[in-house]
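Taking it in order: structure first as structure tokens, then the write-up.
These numbers come from a predicted model, not from an experiment. Positions are given from 1 along the sequence. Values below: all heavy atoms of this structure, side chains included; hydrogens, waters and symmetry mates excluded.
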Amino acid sequence: MSNNQLLENEDKLETSMGKAYLCERVVMRGKDLHHELGGYDWLKFYLFSITGREFSDAQLTILNFFWVATSYPDSSIWPNHVAALSGSARSTASLSLSAGMAVSEASVYGRRPDRKALDFFYRTGAALKNGEMLEKFVENELKERKRIYGYGRPLASIDERIPHTLSLLRELGLDKDFHLNIALDVYRYLKKTRGLSMNIAALYSAVAADIGLTPEEYQQFMTPAFIAGMVPCYQDARDRPEGSFFPVRCENIVYSGQAPRVW
């Protein structure tokens, strides 16, 4: 950033996102928060906050299901594990849940693979519209990038969320959409050639592509997706004796690095 840019922005904020006129009104993306947006349910409002766009009832229903179906109350899952550990250490709910959300931006699960999977489907869709064969595009992708996010799953061979999601998509009439069927075709090809199954990141990202979310918008939408599953884990650890969440004896720690200093 140049000095001129700094000076141009000194003592002022120019934005089209919104403004709170205290004692008068609040505007978000050109709409009055309380008069025009006050009747929205929270998910519809959150998506408007992210995108400035309206979505159909069917789209809102499936996006809501993404959050519900991903809320596992299992403290062995890493974001939940962090929230539970924070509760065991008697941290506050806000700090504990924020820490859990922060580690959901991992390289092998959560938000980073989501973005990469969505980018893959947009690029694949564009290639197919230009006449490229799916098999060739997939092979080039594997050659250049070594993996396709959304296929294969750490610690498990199948994803239990997929049949429920596909069933709801059929019920909502969203099962014929372009990117969704690309995801299923890629699955069939990778299953046949490499024995890989599809995980939920592929299915959710393909639906997001059909809805028209950008990778950045999709990441923002999915960031709180695990939080309903974190809360019971935090509460359970908070209500147990302090520090009792998976304690480990020093002699049970396997360490292969440099010898620690002598105390």
Side-chain angles (χ1 to χ4, degrees), residues 1-55 59-60 63 66-67 70 78-79 82-83 85-86 89 91-126 141 144-147 149-150 179 201 204-205 207-228 230-231 234:
M1 178 177 285
S2 68
N3 287 338
N4 286 338
Q5 289 173 314
L6 290 172
L7 293 171
E8 287 171 3
N9 288 279
E10 185 179 17
D11 297 328
K12 64 180 178 180
L13 174 63
E14 295 182 357
T15 177
S16 61
M17 291 300 177
K19 173 69 177 174
Y21 301 92
L22 301 182
C23 301
E24 182 186 346
R25 64 193 175 102
V26 178
V27 178
M28 175 183 279
R29 291 186 177 273
K31 292 193 175 186
D32 187 289
L33 178 66
H34 300 111
H35 290 93
E36 295 179 88
L37 303 176
Y40 284 28
D41 65 37
W42 195 88
L43 185 77
K44 182 177 180 180
F45 176 69
Y46 185 50
L47 281 160
F48 179 78
S49 171
I50 294 169
T51 68
R53 303 195 301 274
E54 302 281 349
F55 296 84
Q59 291 171 335
L60 290 170
L63 290 172
F66 286 9
W67 280 15
T70 310
W78 189 241
V82 170
L85 183 62
S86 299
S91 185
T92 65
S94 295
L95 289 172
S96 301
L97 298 175
S98 296
M101 281 199 297
V103 299
S104 72
E105 288 194 335
S107 297
V108 296
Y109 67 85
R111 307 295 72 89
R112 292 189 194 180
D114 287 344
R115 288 187 65 127
K116 292 175 181 178
L118 181 52
D119 173 72
F120 167 75
F121 288 123
Y122 276 131
R123 289 186 293 105
T124 307
E141 185 79 4
E144 294 175 8
R145 302 176 186 242
K146 309 304 180 186
R147 70 181 68 185
Y149 285 89
H179 294 96
Y204 283 2
S205 299
V207 173
D210 287 321
I211 290 173
L213 296 176
T214 67
E216 178 66 20
E217 290 170 343
Y218 185 51
Q219 180 178 11
Q220 291 172 19
F221 169 73
M222 288 296 286
T223 291
F226 296 149
I227 199 165
M230 291 182 205
V231 172
Y234 163 76

Over all atoms of both residues, closest heavy-atom pair of D119 and R145: OD2-NH1, 4.4 Å
Under 4.0 Å between a Lys/Arg side-chain N and an Asp/Glu carboxylate O for E10 and K12? no
Which heavy-atom pair separates P79 from M230 by the least distance, and what is that distance? CB-CE, 3.9 Å
To the nearest 0.5 Å, atom CZ of R29 lies from atom OG1 of T51 at 6.5 Å
Is the number of heavy atoms from other residues, nucleotides or ligands within 6.0 Å of CZ (R123) greater than 12? yes
With rounding to the nearest 0.5 Å, note down the distance linking CE in M28 to OG in S49. 4.0 Å
Hey, is the main chain of A93 close enough, under 3.5 Å, to the side chain of Y234 for a donor-acceptor pair? yes
Measure across L118 and S205 and return the closest heavy-atom pair with its distance rounded to 0.1 Å. CD1-O, 3.2 Å
Worked verdict on I227 versus M101 for side chain to side chain contact (heavy atoms under 4.5 Å, CB included): CA-CA 7 Å; I227 199 165; M101 281 199 297; 4.2 Å; yes
Just jot down the side chain to side chain contact (heavy atoms under 4.5 Å, CB included) partners of I50, sequence neighbours excluded, or say none. Y46, E217, Q220, F221
Heavy atoms only: give me the nearest A201-D114 pair and the separation to one decimal. CB-OD1, 3.8 Å
If you count every heavy atom of other residues, nucleotides or ligands that lies below 6.0 Å from W67 atom CH2, does the total exceed 12? yes
Under the ring pair (Phe, Tyr, Trp, His ring centres under 6.0 Å) rule, collect the residues that match up with F121, sequence neighbours excluded. none
I want to check something: taking the side chain as every heavy atom from C-beta on, are Q219 and E105 in contact at a cut-off of under 4.5 Å? yes
Atom NZ in K19, atom CZ in R25: separation rounded to 0.5 Å? 11.0 Å
Please give me the minimum heavy-atom distance between A208 and Y122, naming the atom from each residue. O-OH, 4.1 Å
Between L33 and V27, is the side chain to side chain contact (heavy atoms under 4.5 Å, CB included) condition met? List the steps. CA-CA 5 Å; L33 178 66; V27 178; over 6 Å; no
Does any non-hydrogen side-chain atom of V26 lie less than 4.5 Å from one of D32? no
Which heavy atom of V103 sits nearest a heavy atom of V82, and at what distance? CG2-CG2, 3.9 Å
Step by step, work out the side chain to side chain contact (heavy atoms under 4.5 Å, CB included) result for R53 and F48. CA-CA 5 Å; R53 303 195 301 274; F48 179 78; over 6 Å; no
Any chance you could lay out the salt bridge (Lys or Arg N to Asp or Glu O under 4.0 Å) test for R115 and E216, step after step, and finish with the verdict? CA-CA 7 Å; R115 288 187 65 127; E216 178 66 20; 2.5 Å; yes
Taking C-beta and beyond as the side chain, do E141 and F120 meet within less than 4.5 Å on heavy atoms? yes
Report the distance from atom CG of L63 to atom CD1 of I211, rounding to the nearest 0.5 Å. 4.0 Å
Check the pair L37, Y40 against side chain to side chain contact (heavy atoms under 4.5 Å, CB included), reporting the backbone distance first and the verdict last. CA-CA 6 Å; L37 303 176; Y40 284 28; 3.6 Å; yes
In plain terms, say whether K31 and E54 are close enough for a salt bridge, that is, a side-chain N and a carboxylate O under 4.0 Å apart. yes
Test the R111-F226 pair against the cation-pi criterion, namely NZ or CZ under 6.0 angstrom from the six-membered ring centroid and within 45° of the ring axis. yes
